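Written below as structure tokens is the structure these notes are about.
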Amino acid sequence: KAIYIKSIEITYTNIVSTVPVISDASPTGTVGTTFSYNISATNTPTSYALASGTLPAGLTLNTTSGAITGTPTTAGSSSVTVTATNTIGISSPATLSFSIAKGNQTITFGALDTKTSTDVPFSLTATASSGLAVSYSSSNTAVATVSGSTLTIVGIGSTTITASQAGDLNYNAATSVDQTLTVNQFVAPTITVTEIPVPQFTDNVGDTSSQTINVSGVNLTANVTLALSGTNADQFSLSQSSVTQTAGTAPITVVTITY
């Protein structure tokens, strides 16, 4: 006997019959802000490619997934064409028109220490998140002037120091930051020394006498220095805690304080 097959049913799943189709698009981004865009294509693409043009600076194409990612570094408009490929073939190019806006930036500018009228010029150290240089101004140039980032004190009083960054082709202007500088009148230090007995020595060179010298004062901004003067002072040496005989036989006659 013969066997006959009346019919066969065949089911196809995920059969690709045409090349991918990509739609034109207009992705947008901002300088300094993370960017992500996925190329939209039909018919199961297995790879993607740039057909013409260059992606905005800071962006890259993942040729497997079709994702365009990165952080834009340059503002402006530009276009590229892209294609997608599947097992059937390559798509027609589609145009991606990018628009990258200027980035925003902020200024970091810490509080300023109180100064005196005799303080030396010092550097201002504000920074902008964009990395661009910060400029400065003084609201009261009778108190302080600014050249570049160097501040010079010229009088007493207070002034507002403003840190600014005007922006460029890729960044918008930053919001300015103000700090108040206060300059006080310099007051000369005064020193008070408690009287001490005059050290007495034998004839032996190298003898040492330790003394306690109490020094107090107002506006002492550096260490007080002890010095010897008077008859035969050159025959002795002085440290902050003792006097040592280095020559001769005569006792020292005067201890003075200099600042």
Side-chain angles (χ1 to χ4, degrees), residues 24-39 50 52-62 65-82 95-187 221:
D24 293 342
S26 300
T28 60
T30 302
V31 169
T33 301
T34 301
F35 176 95
S36 181
Y37 174 79
N38 282 86
I39 297 173
L50 282 176
S52 66
T54 302
L55 291 172
L59 303 185
T60 58
L61 168 65
N62 184 317
S65 67
I68 298 174
T69 58
T71 301
T73 59
T74 304
S77 299
S78 62
S79 296
V80 300
T81 59
V82 294
T95 300
L96 301 182
S97 299
F98 292 89
S99 180
I100 306 299
K102 287 185 177 184
N104 295 319
Q105 57 174 327
T106 58
I107 291 175
T108 300
F109 186 25
L112 300 172
D113 293 336
T114 299
K115 299 291 184 177
T116 61
S117 55
T118 57
D119 283 345
V120 298
F122 63 95
S123 295
L124 299 169
T125 57
T127 58
S129 59
S130 63
L132 298 173
V134 175
S135 61
Y136 305 90
S137 63
S138 171
S139 66
N140 187 350
T141 54
V143 172
T145 59
V146 180
S147 176
S149 61
T150 300
L151 185 145
T152 300
I153 294 169
V154 295
I156 61 173
S158 64
T159 181
T160 299
I161 305 301
T162 300
S164 306
Q165 214 308 305
D168 63 3
L169 294 176
N170 300 314
Y171 283 92
N172 295 311
T175 299
S176 298
V177 177
D178 295 336
Q179 294 292 355
T180 299
L181 173 68
T182 300
V183 181
N184 296 325
Q185 178 65 53
F186 173 75
V187 179
T221 58

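Everything quoted here is computed from the prediction, not taken from an experiment.
Of all heavy-atom pairs spanning Q165 and A128, the tightest one is CG-CB, 4.0 Å. Closest approach of N104 and S129 over heavy atoms only: O-OG, 4.5 Å. Summarising the geometry of G58 relative to T73, their closest heavy-atom pair is N-OG1, 4.2 Å, with the distance given to 0.1 Å. Closest heavy-atom contact between K115 and F122: CE-CE2, 3.6 Å. Residues A144 and L181 come closest through the heavy atom pair CB-CD2, 4.0 Å. Contact record, A75 with K102: CB-N, 3.9 Å, taken as the closest heavy-atom pair.
Using modelled atom types and a 3.5 Å distance limit, the side chains of S164 and S135 yield no donor-acceptor pair. With 3.5 Å as the limit, one finds a donor-acceptor pair spanning the side chains of S138 and T159. D178 and T162 share a donor-acceptor pair across their side chains, judged by distance under 3.5 Å alone.
Here T74 pairs with A57, N170 under the side chain to side chain contact (heavy atoms under 4.5 Å, CB included) rule; sequence neighbours left out.
For the pair L96 and Y37, the minimum side-chain heavy-atom distance is below 4.5 Å. I68 has its side chain within reach of I39: a pair of non-hydrogen atoms, C-beta onward, lies under 4.5 Å apart. Taking 4.5 Å as the limit, every side-chain heavy atom of T28 sits out of range of all side-chain heavy atoms of I100. Annotation: side chain of T71 is not in contact with side chain of T33 (no heavy-atom distance under 4.5 Å). Taking the side chain as every heavy atom from C-beta outward, I107 and T175 never approach each other to under 4.5 Å.
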Exercise. When you look at T30 and F35, which way does the side-chain contact (heavy atoms from CB on, under 4.5 Å) test go after all the steps?
Worked result: CA-CA 8 Å; T30 302; F35 176 95; over 6 Å; no

For this session: Test side-chain contact (heavy atoms from CB on, under 4.5 Å) on T69 and T60 and set out the steps.
Result: CA-CA 6 Å; T69 58; T60 58; 4.2 Å; yes

Exercise. Given L55 and L50, is the side-chain contact (heavy atoms from CB on, under 4.5 Å) satisfied, shown in steps?
Worked result: CA-CA 9 Å; L55 291 172; L50 282 176; 4.1 Å; yes

For this session: Could you walk me through whether V154 and T141 pass the side-chain contact (heavy atoms from CB on, under 4.5 Å) test, one step at a time?
Result: CA-CA 8 Å; V154 295; T141 54; over 6 Å; no

For this session: Output, in order, the C-alpha distance, side-chain angles, deciding distance and verdict of side chain to side chain donor-acceptor pair (under 3.5 Å) for S97 and S26.
Result: CA-CA 5 Å; S97 299; S26 300; 4.7 Å; no

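A donor-acceptor distance shorter than 3.5 angstrom exists from the side chain of S139 to the backbone of T160, with no hydrogens or angles considered. With hydrogens and angles disregarded, a donor-acceptor distance shorter than 3.5 Å links the side chain of S117 to the backbone of F186. The backbone N or O of G131 sits nowhere less than 3.5 Å from a side-chain atom of Y171 that would complete a donor-acceptor pair.
Interatomic distance, L151 CG to T145 OG1, rounded to the nearest 0.5 Å: 6.5 Å. Rounding to the nearest 0.5 Å places CZ of F109 at 6.5 Å from CD1 of I161. How far CG of D119 is from OG1 of T152: 11.5 Å, rounded to the nearest 0.5 Å.
Evaluated for a side-chain contact (heavy atoms from CB on, under 4.5 Å) with F98, the options P27, S79, S77, P72 yield exactly one hit, P27. With S158 as the fixed residue, the side-chain contact (heavy atoms from CB on, under 4.5 Å) test singles out one of V143, T182, V183: T182.
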